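Report on the following structure.
Side chains are part of it too, since the values below use all heavy atoms of this structure and drop only hydrogens, waters and symmetry mates. Treat the numbers as computed from the prediction; the structure is a model and nothing was measured.
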Amino acid sequence: MITKTELASKYDPSAIERETYQRWIDAGLFSASPESDREPYVIVIPPPNVTSVLHMGHGLNNTLQDVLIRYQRMRGREVLWLPGTDHAGIATQNVVERQLATEGTSRHDMGREAFVERVWEHVHRTGGTILEQLKAIGSSCDWSRTRFTLDEEYSRAVRRVFVDLYHQDLLYRGYRVIHWCPRCHTSLSDEEAEFRERDDHLYYIRYPLADGDGTDGLLVATTRPETMYGDIALVHHPEDERFGHLAGKSVILPLANIPIPVETSAYVEQDFGTGMLKVTPAHDPHDFEIAAELAGEYDTPVVIDADARMVDDPRVPEGVRGLDRDAAREKTIELLEAAGLLEKIEPYRHAVRHCYRCHTVVEPRLSDQWFVKMKPLAEPALQAYRQGRLRFVPERWGKVYENWLTEIRDWNISRQLWWGHQIPAWYCEGEGCEHVTVAMEAPASCEKCGGAVHQDEDVLDTWFSSWLWPFATMGWPERTVDLGRFYPGHTLVTAPDIIFFWVARMVMAGYHFLGERPFSTVYLNGVVRDPQHRAFSKSLGNGIDPLDAVERYGADALRYTVVAGAAAGTDVIMDRDEMDGTFAAGRNFANKLWNMGRLLLSAVSDESPEPGSLDAAQFELADRWILSRCQRVVAEATDALERYRLNDAASLVYHFVWDELADWYLEQIKPRLYGAIPGGDVASAIVVHVFQTALRLLHPIVPFLSEELWQHLPGEREPLLAAAAWPTPQQAFIDGEAEDQFARVQALVTAVRTVRAEYGVPPGAEVRAFARPANAEALQAFNAEQRTVERLAKLSRLTLEEHPEEVGAHQVLPDGSSVFVPLGDAIDVQQECERLAGELERMDKQLTGVAAKLGNQQFITRAPADVVERERDKERSWREQRETLADKLRTLGC
RNA sequence: GGGCGAAUAGCUCAGGGGUCGAGAGCGCCUGCCUUACAAGCAGGAAGUCGGGGGUUCGAAUCCCUCUUCGCCCACCA
């Protein structure tokens, strides 16, 4: 039995949130127990990057997860929300490198060991902050299971996967052209090299025939003339009739003056450029493949280095050597022009790959890298979706997932970075032995020849560790108790931009290593953007720190705002310059709840039995109505949550609590609660029941406030709302008739209020209201329930009569009946007439002014269109107002 | 080049064949500091649901098309 206690008069979220959170922690509410016999419900957090602290995107994402988690916990599931963070290899390394740059040093100055040490410092700081932020918004994660992708245990799982895939022939070392970021100095996967539109040029270069007289030659169109020094051939389509006569011929590679052959390749598009393509195998992935298919042996001359500078090589003209690629392009064009070999330059817009972390143009680079064979891994992931074992909310993202898996290519997983899991491969240093040892731990010597070994310097793609998140966090490859109990999980809540990077790969890894999907539903939340629809980013400085919002408005306000504002998959717009406006909905609602709590606690009795135990004969219409509405909202909110319509659930309960419970029911029962009329005990019991039911429904969305109010409400209930049961609709209270009747009462009351407002009836003045017989049914209910409207409109008498012929206003009700309010007693008709007449006069004056303006030809022609438009709007609106005034004057018989 | 999404009140967005003669929050107008709440209460104004065509008894909702934004995928250099 909880005895009611008073609430502070002002709602101060910071005063309750920390303490409430601690209460949950102390009760061990967030810890999942593998021993429990409840059905589990598991979400693994998308581990935030330790690059920096969280922004509102995380605020949204984690609030949604917490809503689902808290809902399922209340539904009686054994809930596990597994938290953690991601080391975010390249991103974090870049951040720390930038810090070093401002300190006038660099990672190369420090050396690898000291640098990694430095990154760890950064990571401990941000990682700690991230976890605090998650707690601040109320996330009910099982903190005892917090993981980091570079934890020792986790790293073992990563190495294990590398070793297993290697031995399964699904992972290999290959020499080919990969995406290289010359700024980050690392290779990138296809997904990390993003296409961006760019205005460039198409250069038409003449390659003179080797046996020609120097005036003829073959025209080649290229966007990258600076790579031409690495050309090994020209190719055309084998069926291109224009070039049939060139079989066996050679051309001179301009400036380098090297003869190169003319070959054919089916890859060439005859319609593009000149139909003749230069082949530069070391600097273009497609050219590399073309070269591989050409008959005969070809070199792969490298003319651009890791810094995207031209190499010191005889193929490269002296004046070009050492230049960066952009300068080299200009210089090359100059030289070609001077040699008369530049035919023309056309502007050309095309998509170029850029580094997804620093946005530098990617330089294709020939190098040794490690790759994962994706096709075999993709198959089960594809089947899971096609057979309905994996579903997406909203559904359309499923097609994106399917398409990527269908077109999947091998995954370059090695990165030339220092921050990450170093690749568990050791190279033999022995003379002539090129053996590579792939193993969990460092071998003492080469397993083949016994020679000394050294470990691969590179680290693994950060996603090569995160794709194991759903099970590596649970102790895999050990067959842990957790794994047996909590894998597979249920819902993944994340943003659509990492479907490829993360979601699809997790499904692949789940099937491959555990033979089971990691989750069954992928819920995609939208992206949080600024008013210009730009994603939040550090560099733009347009982000909102969740902690800032929590400090200003409270975690519950933040949570309500993002949940109600984010339909599944739609973006959320937030304005950091308009914080009050952005969070108004949540802030106002939180304040409302607080004050409802205050009212109840000041008026409700300590004895608040369940309404089911009361004599229903004592219930008034309003009582039956609110009980019935409450059951319906329980059903609707539950249904919405089941269908992942979290925004619907939020606004359903919001409107029930505010519009129905607060604005109508609470107002109606005040006289009873205050003892002005009898029935206070019934009203008290019912309002406590309805309010505590609403608190249950609200808890997943506004956990702090709902818990705090719960703690103060009297009654016999579970001690913690966070661990209380989710409500189910009680059929006995569903009462369609009461709902209909009360709706009619509401319509009547509203009609009278409208009349009062429109005719300036003073707030204190009483009015009578009469209804047309058509509305007899409603009036009977109304008369029978006088108390229902006692407070609502200061209506004192409502009688079922034909309205007398006197001065008054009609108001039509939605059901077609009407109500008549005599005004003679309520207002001074004479005075109101004068007031209205005055207003009419003023309105006419204004209208005359506007009419003159609009009649002025000069104004119409010279003023800006929108100004004229505004005048027209004004005129239209004033005309309407004038009509309304004239109506009122007629009504009052002035 | 292929695909997806969006266009609804001044702003941010719900709704996706009849229940919408169109909703919410914010903003705006009018009146109220009514002993829970002015972060409030009561009343109100405001939208040819992007344009055009079609299907249907009926379209904001389905189909076609156009326009404008946004996103994703893509080996025409």
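One can place OH of A/Y207 at 16 Å from P of B/rA77, the figure rounded to the nearest angstrom. Between the CZ atom of A/R349 and the P atom of B/rC76 there is a distance of 17 Å, rounded to whole Å. Between A/I498 atom CD1 and B/rC71 atom P the separation is 18 Å, expressed in whole Å. Taking atom CG of residue A/L600 and atom P of nucleotide B/rA36, one finds them 11 Å apart after rounding to whole Å. Distance, A/E395 CD to B/rG16 C1': 14 Å, rounded to whole Å. Rounded to whole angstrom, the span from the CG atom of A/D580 across to the C1' atom of B/rA39 amounts to 9 Å. B/rG25 atom P lies 5 Å from atom NE2 of A/H655, rounded to whole Å. The CZ-P distance, from A/R224 to B/rC75, rounds to 17 Å in whole Å.
The P atoms of B/rG15 and B/rU55 are separated by 29 Å, rounded to the nearest whole Å. Atom name C1', nucleotides B/rA60 and B/rG21: the rounded distance is 14 Å, in whole Å. The P atoms of B/rG31 and B/rU68 are separated by 46 Å, rounded to the nearest whole Å.
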Represent RNA chain B in dot-bracket notation, 5' to 3'. Only Watson-Crick or G-U wobble pairs with both distances under 3.5 Å count; pseudoknot-style crossings use [ ] and interstrand partners use |.
-> ((((((((.[[[[.)..(....]]]].(((((.......))))).....[[[[[..)....]]]]])))))))....
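Close to B/rA39, at under 4.0 Å from its OP1 or OP2, lies no side-chain N or O of A/R587. For B/rC41, the OP1/OP2 oxygens have no side-chain nitrogen or oxygen of A/W664 closer than 4.0 Å. Residue A/T754 places at least one side-chain N or O under 4.0 Å from the OP1 or OP2 atom of B/rG44. Side-chain N/O atoms of A/R353 include one lying less than 4.0 angstrom from OP1 or OP2 on B/rC75. Under 4.0 angstrom from either OP1 or OP2 of B/rC72 there lies no side-chain N or O belonging to A/K399. Of the side-chain N and O atoms in A/K592, one or more sit less than 4.0 angstrom from OP1 or OP2 of B/rC41. Between A/N588 and B/rG25 there is no side-chain N or O to OP1 or OP2 distance below 4.0 Å.
The closest side-chain donor-acceptor pair between A/Y229 and A/T332 falls under 3.5 angstrom. Between the side chains of A/N412 and A/S189, no donor-acceptor pair of N or O atoms lies under 3.5 Å.
Mapping A/L202 and A/R529 onto RNA chain B by nearest heavy atom places A/R529 at the nucleotide closer to the 5' end. Across the interface with RNA chain B, nearest-nucleotide mapping of A/S651 and A/D287 shows A/S651 to be the residue nearer the 5′ end.
No donor-acceptor contact under 3.5 Å links the side chain of A/K10 to the base of B/rA36.
By the 4.0 Å N-to-carboxylate-O rule, A/D12 lies too far from A/K10 to be salt-bridged with it. The pair A/R643-A/D639 meets the salt-bridge criterion, with a side-chain N (NZ, NE, NH1 or NH2) lying under 4.0 Å from an Asp/Glu carboxylate O. For the pair A/E226 and A/R224, the salt-bridge criterion is met [side-chain N within less than 4.0 Å of a carboxylate O]. Comment: A/E191 does not engage A/R409 in a salt bridge, judged by the lack of any side-chain N to carboxylate O separation of less than 4.0 angstrom.
Within the cation-pi definition used here (under 6.0 Å to the ring centroid, within 45° of the axis), A/R176 qualifies as a partner of A/F371.
No contact: A/V279 has no heavy atom under 4.0 Å from any strand. At the heavy-atom level, A/T750 lies under 4.0 Å from the strands shown only through sugar-phosphate atoms. As judged by a 4.0 angstrom heavy-atom cut-off over every strand, A/A221 is placed among the base-contacting residues. Counting non-hydrogen atoms under 4.0 angstrom, A/F500 reaches the backbone sugars and phosphates but no base. Among the heavy atoms of the strands lying under 4.0 Å from A/Y267 is at least one base atom, whether or not backbone atoms are also near. At a threshold of 4.0 angstrom between heavy atoms, the contacts of A/F195 include nucleobase atoms, whether or not backbone atoms are also involved. Among the heavy atoms of the strands, none lies under 4.0 Å from A/A590.
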Where along nucleotides 28-33 of chain B does protein come under 4.0 Å, by heavy atom, of base (B) or sugar-phosphate alone (S), with - for untouched nucleotides?
-> ------
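In this structure, the ring of A/Y356 has its center no less than 6.0 angstrom from the ring center of A/F195. The six-membered or imidazole ring of A/F392 lies away from that of A/Y523, with a centre-to-centre distance of 6.0 Å or more.
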Report the C-alpha separation of A/W658 and A/Y654 in whole Å, then their side-chain angles, then the decisive distance to 0.1 Å, and conclude whether the ring pair (Phe, Tyr, Trp, His ring centres under 6.0 Å) test is met.
-> CA-CA 6 Å; A/W658 197 318; A/Y654 172 100; 5.5 Å; yes
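Residue A/E395 qualifies as open at atom CD: its count of foreign heavy atoms under 6.0 Å is 12 or below.
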